[in-house]
Amino acid sequence: MSDQATARATAPSGSPPQAKTTSFLSAMEVDVRFLGMLGALAVIWIGFDLLSGGTFLTPRNLWNLSVQTASVAVMATGMVLVIVTRNIDLSVGSVLGVTGMIMAVVQSSYLTPMLGFDHPLVWILTLVIGIMAGAIIGGAQGYVIAYLGVPAFIVTLGGLLVWRGAAWWVASGKTIPLTDNNFKLIGGGAEGAIGATWSWAIAAVACVLIALAAFHARRQRQRFRFPLKPVWAEVSTVAVGITAVVAATMVVNSYTLPPVLARRYAEANAIPLPADGSALSIPFGYAVPVLLAIGIGIAMTFVATRTRFGRYVFAIGGNPEAAELAGINTRRVTMMIFALMGALAAIGAAISTARLTSATNAQGTLDELYTIAAAVIGGTSLAGGAGTIAGAMLGALVMQSLQSGMVLLGLDTPLQNIVVGIVLVIAVWLDTMYRKRIR
Amino acid sequence: MAQNTGTPLVEMRDISISFGGIKAVDHVTVDLYPGEVVGLLGHNGAGKSTLIKILSGAYKADAGSIFVNGQKAEIATPRDAKSYGIETIYQTLALADNVDAAANLFLGRELLSPWGTLDDVAMEAATRQVMGRLNPNFRKFKEPVKALSGGQRQSVAIARAIHFNAKILIMDEPTAALGPQETAQVGELIKQLKAEGIGIFLISHDLHDVFDLADRVSVMKNGKLVGSARTTDVSQDDVLGMIILGKCPPGATRGPGAISEKELAAVGAHL
């Protein structure tokens with residue numbers, strides 16, 4: 001042991017670092033904060049399950065939970081970048097409202113009449129137009145913040161009113177129903193789930209990717225002869241990931257269509273009914289919005305950690321002046337962050353509009369607060385410079401779990417709001433304590 | 001000692017900048033030759049850092065011009081300055097505290113993999129190499145730089161400035177956060193860079209340091225240049241007189257900020 005210590009002390013820093021003898025957790029290279037959040041989620045889930053007499057941890061409830069979380073989770077990934085750069089976006093709920101309305105109007109008044117009922121281009125164009133509208137709205141707000149120097153708080157507070165008003169104005173206060181059935185799949189529901197076979201296919205791909213990612217990381221480190229994780233740690237990290245994927249797939253596949261829908265589905269797809277007259281079991285599988293949210297989470301994690309843009313976002317958050325002096329065009333980056341946030345709000349709008357199968361005036365009301373809360377509970381620091389996409393998505397899941405758990409228990413809305421508010425404050429307080437400890 | 005003939009590496013001519021009516025830099029002219037160290041001296045608030053920030057692109061001068069190798073240079077942003085080979089070590093270090101040493105070293109000039117993504121492993125390897133030369137005891141490559149000591153942070157800032165083949169180096173109080181041993185190390189580094197033909201502007205409060213390392217000094221007071229002198233032509237006391245009183249000794253070239261004999265006499269009467 002002492003030999004090893006001296007060897008480490010005398011090695012010049014230019015040489016590859018020496019392998020360290022460390023604890024289990026650091027060998028696994030696990031984020032302790034993320035682990036803590038998973039623990040909190042487990043406590044919430046088990047607690048609600050006990051209180052509700054076993055109705056919380058059912059495939060049906062968990063499946064619904066995943067679908068309900070999707071929209072806010074998508075927006076939370078963008079909110080992380082906004083908050084990391086010491087900004088805030090209070091307008092996301094209203095931007096969701098207006099882009100949802102734009103998509104519904106464009107689809108029902110222009111695209112469907114032009115292209116025909118359920119034409120495959122309709123849903124694609126609707127989505128593209130919505131995302132572009134969101135990016136333009138966000139980019140416009142970002143321009144005012146970055147180039148005209150108006151604080152983000154004020155610009156987006158104004159945006160909260162402007163875009164809510166615009167949504168009202170676009171549809172003259174009406175509720176606009178969606179016309180395209182393909183677009184509605186984005187919202188989930190019995191139609192918008194991919195079924196057992198495809199769910200297993202996606203699970204298999206995910207497992208392979210997890211293993212490949214670990215392998216690639218190891219090869220990269222070998223290239224420069226950096227210390228490697230012990231093989232057992234590598235293997236167990238991959239095993240944990242694969243187990244989680246398999247478990248989630250089993251859960252969504254054990255939620256089956258109600259008998260009436262199942263029969264209709266079987267008739268539509270020419271599946272023979274069981275001869276003995278027992279109920280037909282057709283699993284839901286993963287919901288489309290959940291897959292969309294996970295895909296966006298992965299893409300945003302990639303953007304945040306593997307690209308220049310992401311590096312600049314964090315550098316600006318850590319020290320805006322230093323970023324500027326290093327030659328980073330901080331204004332342009334700030335504007336792009338808000339444009340990205342607008343685009344993500346539009347994707348959130350697509351999910352929630354498709355889920356309700358229509359766009360309403362009140363859609364997305366208070367979503368800005370849930371989105372910010374999700375990011376902050378997920379470990380994004382309001383002081384800037386720190387936050388992870390995965391944490392924010394987990395934060396969204398925590399918020400939604402609390403909410404749907406309280407619905408299951410039959411708590412009134414005012415009481416739900418009180419609990420959510422208190423939990424938010426406590427979560428941030430715990431995080432502050434944790435940060436002070438690790439200093 | 002460098003022979004100051006031919007074209008200077010940098011010449012800042014008649015530079016002025018004011019902030020809200022206060023002339024922080026008032027018609028200052030300084031120059032720098034290859035392989036030369038020029039010490040910039042003056043009290044706090046004399047305008048040294050402001051002058052240097054104009055050269056590094058952080059501020060834009062209200063009047064005056066900058067010449068690099070005799071060519072007029074337009075420096076509006078830090079990026080422009082870097083494109084002329086001007087690198088700066090700021091007094092505040094200007095590090096992003098929340099990312100690691102490699103990310104700071106390559107901030108704004110990241111190495112990319114063939115797919116256009118950040119090549120973190122290559123950047124870390126390069127960082128290990130530079131840091132191994134600068135500060136062999138440096139080991140915290142994975143931690144965000146806020147977890148580093150003052151000296152370690154300083155060496156990251158220095159590494160960033162010298163890694164990209166600077167021709168002109170600006171060091172604003174490079175030893176402010178360092179212990180004696182590390183200060184000596186920085187002194188060695190300056191001599192080494194000088195031998196490589198790099199021109200260095202050195203801003204420091206420590207007169208001894210400046211006399212040890214600099215070939216010439218320029219003294220500023222209240223935003224104006226008091227005068228410039230070769231360190232061989234003046235004594236430390238002469239330079240102190242320049243800094244405190246604005247009195248230009250015989251061995252120095254007089255600047256617009258130097259006080260006249262009459263004013264000096266008046267000051268003397270008060271003392």
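Chain letters run A, B, ... following the sequence lines, proteins first and then strands; every chain starts at 1. Keep in mind that what you see is a predicted model, and the values were worked out from it rather than measured.
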How long is the straight-line distance from [atom2] of [Y] back to [atom1] of [X], given to the nearest 0.5 Å?
X        : Y        : atom1 : atom2 : answer
B:Leu118 : A:Phe302 : CG    : CZ    : 8.5 Å
B:Glu110 : A:Tyr312 : CD    : OH    : 4.0 Å
B:Asp119 : A:Gln220 : CG    : CD    : 6.0 Å
B:Trp115 : A:Arg306 : CH2   : CZ    : 10.5 Å
A:Leu325 : B:Leu95  : CG    : CG    : 11.0 Å

For atom [atom1] of [X], is the number of surrounding heavy atoms from other residues, nucleotides or ligands below 6.0 Å larger than 12?
X        : atom1 : value
B:Ile22  : CD1   : no
A:Phe153 : CZ    : no
A:Tyr147 : OH    : yes

>> On a heavy-atom basis, which atom in A:Ile328 and which in B:Gly108 lie closest, and how many Å separate them?
In response: CG1-CA, 4.2 Å

> For the residue pair A:Ala322 and B:Ala96, what are the closest heavy atoms and their distance?
Replying inline: CB-N, 4.2 Å

> Backbone N or O of A:Ala386 within a donor-acceptor pair of the B:Asn98 side chain at under 3.5 Å?
Replying inline: no

> Is there a donor-acceptor contact under 3.5 Å from the side chain of A:Asn319 to the main chain of B:Asp97?
Replying inline: no

>> Using heavy-atom distances under 4.5 Å, tell me whether B:Ala122 contacts chain A through its side chain, its backbone, both, or neither.
In response: both

>> Is B:Lys140 close to chain A through its backbone or its side chain, or both, or neither, when contacts mean heavy atoms under 4.5 Å?
In response: neither

> Hey, which of B:Thr77, B:Leu112, B:Val130 has the most heavy atom pairs under 4.5 Å with chain A?
Replying inline: B:Leu112

> chain B heavy atoms under 4.5 Å from A:Glu321: which part of the residue, side chain, backbone, both or neither?
Replying inline: side chain

> Would you call A:Arg311 and B:Asp120 a salt bridge, taking side-chain N to carboxylate O under 4.0 Å as the test?
Replying inline: yes

